[in-house]
Amino acid sequence: MSEKVILELPEAIAQHTREASERTGRSFEMILIDWLGRSATNADVYPLIPDAEYIIETPYGNEAAAKTLMNFLDSSGDSD
């Protein structure tokens, strides 16, 4: 069973969706369904509070892991 919803998207998200649609040949709606589905399965990544600062501590010698985590956290806020 499916459910119909109406969303008002920020222009930046709509633009990203249009670009992905043109690039892949998939419909605007299918792109959004895919993105929402993937986000729902990764819900434990998104309890982060927007604009909050989080301390990242890693063992000495594991600076590469900290950098990777920092890059992920920086990129996860790009769609806002």
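- In this structure, His16 and Trp35 have side chains that are in contact, with non-hydrogen atoms separated by less than 4.5 Å.
- In this structure the side chain of Phe28 reaches within 4.5 angstrom of the side chain of Leu9, judged on heavy atoms.
- If you take CZ on Arg26 and OG1 on Thr17, they are separated by 11.0 Å, rounding to the nearest 0.5 Å.
- Distance CD1/Ile31 to CD/Glu19: 11.5 Å, rounded to 0.5 Å.
- The side chain to side chain contact (heavy atoms under 4.5 Å, CB included) test applied to Leu69 returns Ile56, Leu73, not counting sequence neighbours.
- You'll find the side chain of Thr24 stays beyond 4.5 Å of the side chain of Met30, heavy atoms only.
- For the residue pair Ser21 and Ser27, the shortest heavy atom distance occurs at OG-C, 3.8 Å.
- Under the rule for a side chain to side chain contact (heavy atoms under 4.5 Å, CB included), Thr68 has no partner lying at least two apart in sequence or in another chain.
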